[in-house]
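Since the model is a prediction, treat every value here as computed from it, not as a measurement.
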Amino acid sequence: MWRISQKLVNRGGLAVKSAPLAVTTRNNSSVSAPQIPNSADVVVIGGGSAGCHTLYHLAKRGVKAVLLERAKLTAGTTWHTAGLVWRLRPNDVDIQLLANSRNMLMQLEKETGLDPGWIQNGGVFIAHSDTRLDEYRRLATVGNALGIENYILSPEETQKVFPLLDPKAFIGALYSPGDGVVDPAMLCTALTRAATKNGARVIENCPVNELVVEQQAKGKKLVGVKTPYGTIKTENVVNATGVWGRDLIERHGSFLPLIPMKHAYIVSESIPGVRGLPNIRDHDYSTYFRIQGDAICMGGYEPNPILLDPVAKDFHFGLYDLDWSVFDTHLSGAVKLCPTYANYGVKSTVCGPESFTPDHKPLMGPDTVIQGLVHNCGFNSAGMMFGGGCGEQTALWILNGKPDLPMFGFDLRRFTDKQNRADQWISEKSHESYAKNYSMVFKYDQPLAGRDFQKDPLHEDMLAHNAFMEEKQGWERPGFFLQMPAPVQSYDWYGSYGNERHKDCPYEGVLEGDLKYGSFSDHHDLIGSEAMACRNNAVVFNMSYFCKLFLEGPDAQKAADWIFTGNTNRDAKKTVYTCALNKDGGVEADVTISRLNSGSGAVHDPKFEGQGHYIVAGGASAYYTYTMMVDEIRRQGFNANVRDVTADLGVISIQGPKSREILQRMVQCELSDENIPPNSTVLTNCKDASGKEYGVRLLRVSFVGELGYELHVPKEYCSTVYKSLMKAGEKNNLRNAGYRALYSLSSEKGYHLWSFDLRPDDTPLEAGLGFTCRKEGSYKGKEAIDKQRKEGIKKRLVYLTLDEQVPIWGLEGVYRNGEPVGFLRRAEYAYYLGKPLGQTYIQKPDGSTINVDYIKSGEYEIDIMGKRYKAQCHLRSPFDVEGKRVLGQY
């Protein structure tokens, strides 16, 4: 850092000195050429936090890896980071990653004899409203369940922890004494020292000019990296280049949704009494305090960040001038919270580039185009705190083909290839995510930027019926249906970057009714009416954004046998619910799969032609499911391919006791149990009011536990079929229902939602899905399943219901006989049962195998924002235990 000597000027009550000019260092041409190896097991590109952590974890596991850094270690963005480590987040995977980072810091000094720069001075979250304090109570709840020490404090108690705060300026706080701060230079030195002792190499002043990629029969394969000093042969590369993460891959047809922005903080003069105090995060004022000796580093996230063009490759230890018109937003809140802060000037300013993504989460995992390339970048100014946990998962991804934790929220496959190529969408979404980083996290919050990116064939029909739309993986889908017309689709108030917020935003006005913790949504009864219409009559769900794939080719059956746990070699009319597993038995996807069968007297449509399998999976994980199958087919060498037809077909689902009666009026096939039994499929014709016929694929399946059917319809006439169905159901009061009701109904039935109560760290046996795993033949993960069948399981999914009418949202801690045994993975209101219902995996505190007797013998409680409520535990959902309704037996 440097000290500024310019005259102080007064800004907003805080003495501030003028910002420094940009400082840039470049490679010294006199530096001797580095000696590079001819080959390496793994090459890590980038010597910042992400790269050094990845190298450390690879070397620790015996991998001979090489790290190449264009300049010096920490150059780029790592050197100027604030280095804060906060572990309490509204996501259990985030908490585990952050805890792993902290635990590694605690152990590193013992391994290396070097101080990694870790200071455990604690962290305090400040609340200015009851709603924010409710959010902190929720964080405290999941923190307690996961072993993170924390306390909810009054203003007076908070002042004892940080005496310079004004207790009248806030209403409460969340204190985590185990949090702290880390010095980036000291940490990267310790990491690379430990890595080199284990056989790794670190080569500075060695840029990577190009990835060496070969075009092979099964796609592009990485075979080396080219530097000015020669080529290193390797089949495994980690892209840990931060804001430069896109540069090396775009020429090979691969893209990342990443954009650089300016991010800044200021360093105060020495302030008496600051040394040793905890760090402060004031989300409401968008301000943080990072204690640095006797000074305070202060920054935050502005509503109008400065987006950058691609950052120059030689911007190694560079900074920008601080734009006070942008940064000033943090000052007034900082002074209100800590009046003493206004009495001291600014010693220095730090404004550098950071990489940001559309959802403010890193980009990790295998590249979808270049085999052998793994990404670990895009850390949204949180690379120091996530570095240890994410570096470990990256190393495991390379070594084992999968991470240990369920990393879907970090996996770059949460975005589609179309999203990765849409620069304006990336800018809009990343801008919004930056601006909302300190906003409260609500279960049903929706983005306002980048909307209408993808519309299904029924989009306009949904709006015509007053749908309140939600966004998932770039698609618009109906959340619920308003009872009176309202122009609620006006949600693009961000528009392109720089647009100001609209004065009148009806969409946001409706959304506000969902933004609460301590009470049910304003739309609770409305969603309940949709759910009960499904249970008592019939409703239509627009499921068009669901993933729809064709598995085709000579080896299609072999591929299906290997990828999926169920018996898919069945009669062509059979639809099978099945899982796809990783090698440890964890569920990578759950799908329905049907044998293809052309003909059946249906109207000819080429979309339904051919032999193979028709696969339907959840929409939010569509691209993940698609790439998982493509990768597995390539690895096994099957002569088969996967064709994504999601955008080509709409899906109209009619569910409920009256569904058969209504649908029979417009389809040409007989819907009796004998002709269309549960879990079956057939090609048939639908007719409109004029008698014109349209070919569709009919599936008798249900995601809600009712008699129901899905019509899979080519997009050209999907709207016509939908309107005909609604017309056919007029006299039965057929109505639309949205995804809020759909998820409530599916949870009430005990069905699963992938990435929530069914993840890659859950096996089918643990999730109650053992019936999906066939005994005969082999499939990926079968050895792990067979071992569990023999040795038992260590966790089990159960269902908890509450008699008290209090909302639950997920992440609430679960206690058995007073001891923590889990947290709610998923939580909904079960309208038919008339009570809140949550799904959780129960584990014994000692980690031993679990059985039914242990589960049944306990007394259970759910911790809801600091208060424990008695809960009833069920091995299966108490709704329709015998499963008669899905059979049409009412």
Side-chain angles (χ1 to χ4, degrees), residues 83-106 118-163 165 167 170-182 276-284 287-291 337 382 384-386 388-389 437-442 517-518 808-815 818-824 840 845 861-869:
L84 293 161
V85 178
W86 320 89
R87 290 171 298 163
L88 294 176
R89 296 290 180 106
N91 181 289
D92 68 291
V93 176
D94 287 24
I95 292 174
Q96 292 178 75
L97 289 169
L98 294 166
N100 290 347
S101 289
R102 176 186 176 274
N103 292 341
M104 186 212 66
L105 290 167
M106 307 284 281
W118 167 247
I119 299 173
Q120 185 176 308
N121 58 331
V124 177
F125 288 178
I126 299 296
H128 295 272
S129 69
D130 290 333
T131 307
R132 178 70 79 175
L133 197 55
D134 281 345
E135 180 184 42
Y136 292 164
R137 292 188 180 104
R138 282 179 44 75
L139 294 182
T141 294
V142 68
N144 290 333
L146 294 174
I148 308 295
E149 181 186 7
N150 68 88
Y151 307 93
I152 296 291
L153 303 180
S154 68
E156 292 72 27
E157 291 170 330
T158 308
Q159 190 185 38
K160 291 178 181 179
V161 174
F162 198 116
L165 299 182
F170 59 100
I171 68 168
L174 173 61
Y175 176 43
S176 178
D179 291 346
V181 67
V182 63
L277 295 182
N279 304 306
I280 299 291
R281 204 171 198 178
D282 190 326
H283 296 93
D284 294 317
T287 298
Y288 69 78
F289 286 169
R290 185 259 208 204
I291 304 304
L337 182 64
M384 292 303 294
M385 70 174 82
F386 276 111
N437 185 43
Y438 278 2
S439 298
M440 285 177 265
V441 177
F442 296 98
Y517 302 110
I808 50 176
W809 310 103
L811 293 181
E812 289 84 358
V814 176
Y815 293 79
E819 288 187 302
V821 290
F823 60 91
L824 295 187
T840 182
E861 295 174 303
I862 300 177
D863 184 354
I864 303 175
M865 294 192 296
K867 182 180 178 180
R868 295 188 188 178
Y869 294 81

Check your understanding: Is the backbone N or O of Ile148 less than 3.5 Å from a side-chain atom of Asn150, with the two atoms forming a donor-acceptor pair by type?
Key -> yes

Review point. Atom CD1 in Ile862, atom OG1 in Thr840: separation rounded to 0.5 Å?
Key: 8.5 Å

**Study point:** Candidate pair Leu165 and Ile126, rule side chain to side chain contact (heavy atoms under 4.5 Å, CB included), full reasoning
**Key:** CA-CA 10 Å; Leu165 299 182; Ile126 299 296; 4.1 Å; yes

Review point. Just wondering, do Thr287 and Tyr438 contact through their side chains at under 4.5 Å, heavy atoms?
Key: no

Point to revise | Cation-aromatic face contact Arg137/Tyr517, 6.0 Å, 45 degrees | key: no

Review point. Could you state the interatomic distance from CG (Asp863) to CD1 (Ile808), rounded to the nearest 0.5 Å?
Key: 12.0 Å

Review point. Relative to the ring of His283, is the ring of Phe125 parallel (under 30°), tilted (30 to 60°) or perpendicular (over 60°)?
Key: perpendicular

Exercise for review: Over all heavy atoms of both residues, which pair between Pro845 and Val821 is shortest? Give the atoms and the distance, please.
Suggested key: CD-CG1, 4.4 Å

Point to revise | salt bridge (Lys or Arg N to Asp or Glu O under 4.0 Å) partners of Arg87, counting only residues at least two apart | key: Asp179

**Study point:** From CA spacing to verdict: side chain to side chain contact (heavy atoms under 4.5 Å, CB included), Asp282, His128
**Key:** CA-CA 9 Å; Asp282 190 326; His128 295 272; 2.7 Å; yes

Check your understanding: Who are the salt bridge (Lys or Arg N to Asp or Glu O under 4.0 Å) partners of Arg132, not counting sequence neighbours?
Key -> Glu135, Asp284

Point to revise | Expected output: side-chain Tyr151 to main-chain Ala140 donor-acceptor under 3.5 Å | key: no

Check your understanding: Can you name the nearest heavy-atom pair linking Arg89 to Asp94, along with the distance?
Key -> CB-CB, 3.8 Å

Point to revise | Counterpart residues, salt bridge (Lys or Arg N to Asp or Glu O under 4.0 Å), relative to Arg138 (two or more places apart) | key: Glu812

Check your understanding: How far does CH2 of Trp809 sit from CG of Asp134, to the nearest 0.5 angstrom?
Key -> 11.0 Å

**Study point:** From CG (Leu97) to CG (Asp92), nearest 0.5 Å
**Key:** 9.5 Å

Point to revise | Heavy-atom side-chain contact between Leu811 and Thr141 under 4.5 Å | key: no

Check your understanding: Looking only at heavy atoms, which two atoms of Pro278 and Tyr175 are closest? And how far apart?
Key -> CB-CE1, 4.4 Å

Check your understanding: Between Gly389 and Asn100, which heavy-atom pair has the shortest distance, and what is it?
Key -> CA-CB, 4.1 Å

Check your understanding: Given the rule in the side chain to side chain contact (heavy atoms under 4.5 Å, CB included) test, do Ile119 and Ile291 qualify, once you have shown the distances and angles that lead to the verdict?
Key -> CA-CA 10 Å; Ile119 299 173; Ile291 304 304; over 6 Å; no

Review point. Measuring from Asn144:CG to Phe823:CZ, what's the distance to the nearest 0.5 Å?
Key: 13.5 Å

Point to revise | Spatial distance of atom CZ (Phe289) from atom CG (Asn279) [nearest 0.5 Å] | key: 11.0 Å

Point to revise | Over 12 foreign heavy atoms within 6.0 Å of CG, Asn103 | key: yes

Review point. Are any of the side-chain heavy atoms of Ile280 and Leu337 separated by less than 4.5 Å?
Key: yes

Study note, to complete from the structure: Smallest heavy-atom separation, Gln159 atom then Pro167 atom, equals NE2-CD, 3.4 Å

Review point. If you take all heavy atoms of Gly143 and Leu88, which pair is closest and at what distance?
Key: CA-CD2, 3.7 Å

**Study point:** N/O donor-acceptor pair under 3.5 Å between Ser101 side chain and Met385 backbone
**Key:** yes

Point to revise | Leu277 vs Pro163 side-chain heavy atoms within contact, under 4.5 Å | key: yes

